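First the structure, in the form of structure tokens, and then the observations on it.
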Number of protein chains: 2
Amino acid sequence: MFTLSEENYLKAIYHLEIDTEKGISTNAIAEQLATKASSVTDMIKKLSDKKVVVYKKYKGVKLTDLGKKIAANIVRKHRLWEVFLVEKLNFSWDEVHDVAEQLEHIKSPKLINQLDALLGFPTHDPHGDPIPDKDGNLKTIDKSLLSTLSKNEIGICVGVDDSSSEFLQFLDKKGITLGKQITVLEKEDFDDSLSIEVEGKKLSISNKIANNLYIKKQ
Amino acid sequence: MFTLSEENYLKAIYHLEIDTEKGISTNAIAEQLATKASSVTDMIKKLSDKKVVVYKKYKGVKLTDLGKKIAANIVRKHRLWEVFLVEKLNFSWDEVHDVAEQLEHIKSPKLINQLDALLGFPTHDPHGDPIPDKDGNLKTIDKSLLSTLSKNEIGICVGVDDSSSEFLQFLDKKGITLGKQITVLEKEDFDDSLSIEVEGKKLSISNKIANNLYIKKQ
DNA sequence: ATTTATTTTTAGTCAAGACTAAAAATTTAA
DNA sequence: TTAAATTTTTAGTCTTGACTAAAAATAAAT
């Protein structure tokens, strides 16, 4: 069994491993968890003893298969709870993260299986992120950043890279939500901003926004 | 804000105060929480500093109004989650306690309000225990132990005093659940056992069972 | 009204998980 | 290939919440 803190470390390493094959540095983990590198070193030793990470001093850490499975299960719970909050309790997509952060640590296999069923076995959370299955496997869809679309391309909004509440609220304000069709009308060379159309409305979108929106091309 | 441990102490004292007007002894709290009296003394000091209990050395403790409100809110959350587990996730009444024990500590007023609404503002949990409202008030119904009914009296099962899974599973086996009508056919003087009828079936019930079942007389 | 038994508190430890400051190892640059 | 910069680890502390053993206070019994 893992403590709250151990679970949070596993999850942090899991998320960091998505972007790289290399070992994860203590500093990277410390930043992710808003803690100090020295605290990370201490915890890594415990996790290493428990066979969920492999650790060599001064080299980064990697999750073992067991570690990956445990971490994926926490992410699975987090994302299922997010779906629950949005679908059943009328939360908006910018409100769910902090609560799911607490709920993901509840220990009860039956609870999470039943929740999964209640929600109709969803594959993605309210931000478009994939929900790991019981074995930790992800169903990835091929998606592109809005910024990579060319003029006149059309796609469906399927996710966000940044799921901070500020960004999500901004999208709400602009009428951009998951499932909406987006057409690229114009690309400005000098600042990489876009002119797009969403539900008949024309919008101007900065490159920063376009770099954080995932689109499924049609 | 209160820690997990502080919340558990408040809840324990809250439950112990239901049966008495007197201050709650350190020993009683220690027993309730399966800890030691010395640990209780330590925690009581912290809770006293936080103005949720009044504490005089060697005299028991009592919750302050603030303490009562906080404790009632934890009980409220516990019982609402129990209803959720039974009504929405197909848990049986003997499976809910341990999970609710975890869920009760989730901090999100919106979550609990929305859950309350989703469940149709229930007033009692799956064991017949009242759910405190937002201000901590309980809707008490007048109920009697089955053991206090006389021959030929009829009542509806509205709750249990002991909600251990062993007892609840025993009741399931006998076909006794909340809402069932129970008729007292016979009372045996020598061992205070009862002969009762539930849904047309005649059952023999020991005094220990009858002392743990709440009935609403008709 | 003492003595005895019980309850409660104090004093001193311990483990988990965090921190700071300093030392050691590694990487980068000159 | 040394020197400088960066990263990581160690050593030592702190807080929370628990524990044991002993002391102190209260309650019960003779």
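All values below come from the heavy atoms of this structure, side chains included, with hydrogens, waters and symmetry mates left out. Numbers restart at 1 for each chain; the letters A, B, ... are given by sequence-line order, proteins then strands. All values reported here derive from a predicted model rather than from experimental measurement.
Under a 4.0 Å N-O distance rule, the pair B:Glu104/B:Arg76 does not qualify as a salt bridge. A:Glu7 has a carboxylate O that lies under 4.0 Å from a charged side-chain N of A:Lys107, or vice versa, which qualifies the two as a salt bridge.
Both the sub-6.0 Å distance and the 45° axial angle are satisfied by A:Lys110 relative to the ring of B:Phe91.
Close to C:dA18, at under 4.0 Å from its OP1 or OP2, lies a side-chain N or O of A:Tyr9. Taking only side-chain nitrogens and oxygens, B:Asn27 never comes nearer than 4.0 Å to OP1 or OP2 of C:dT6. Between A:Lys46 and the phosphate of C:dG17, there is a side-chain N or O to OP1/OP2 separation shorter than 4.0 Å. OP1 or OP2 of D:dT10 has not a single side-chain nitrogen or oxygen of A:Tyr58 nearer than 4.0 Å.
Between B:His127 and B:Trp93, the ring planes lie parallel to each other; the angle is under 30°, not in the 30° to 60° tilted range.
For A:Ser39, taking side-chain heavy atoms from C-beta onward, the closest of the listed nucleotides C:dA18, D:dT8, D:dC19 is C:dA18. Of all nucleotides listed (C:dT9, D:dA18, D:dT9), C:dT9 comes nearest to the side chain of B:Thr26.
Note that CZ of B:Phe167 and NZ of B:Lys208 are 9.5 Å apart. Values are rounded to the nearest 0.5 Å.
The separation between A:Lys36 atom NZ and D:dC14 atom P is 17 Å, rounded to whole Å. Going from atom CE of A:Met43 over to atom P of C:dA15 covers 16 Å, rounded to whole Å. Rounded to whole angstrom, the span from the CD atom of B:Glu6 across to the P atom of D:dA18 amounts to 10 Å. When rounded to the nearest whole Å, the span between CZ of B:Phe2 and C1' of D:dT16 equals 16 Å. Distance A:Ile44 CD1 to C:dA18 C1': 15 Å, rounded to the nearest Å. As rounded to whole Å, 15 Å separates atom C1' of D:dG17 from atom CG of B:Asp49. The CD1 atom of B:Ile24 sits 11 Å away from the P atom of C:dT8 (whole-angstrom rounding). Look at NZ on B:Lys45: it is 14 Å from P on D:dG17, rounded to the nearest Å.
Among the heavy atoms of the strands lying under 4.0 Å from B:Ser5 are primed sugar atoms or P, OP1, OP2 only; no base atom is included.
Two residues, A:Lys56 and B:Ala37, neighbour DNA chain D, and the one matched to the more 5' nucleotide by heavy-atom proximity is A:Lys56. Each of A:Thr35 and A:Lys57 was assigned the nucleotide of DNA chain C with the nearest heavy atom; the assignment lying further toward the 5' end belongs to A:Thr35.
A donor-acceptor contact under 3.5 Å is formed by the side chain of A:Ser38 with the base of C:dT20.
Two end axes, each from the C1' atoms of five base pairs, can be drawn for the helix from C:dA1-D:dT30 to C:dA30-D:dT1; they diverge by 10°, to 10 degrees.
Heavy atoms of other residues, nucleotides or ligands lying less than 6.0 angstrom from CD of A:Glu31 number 12 at most. More than 12 heavy atoms of other residues, nucleotides or ligands sit less than 6.0 Å from atom CG of B:Asn137.
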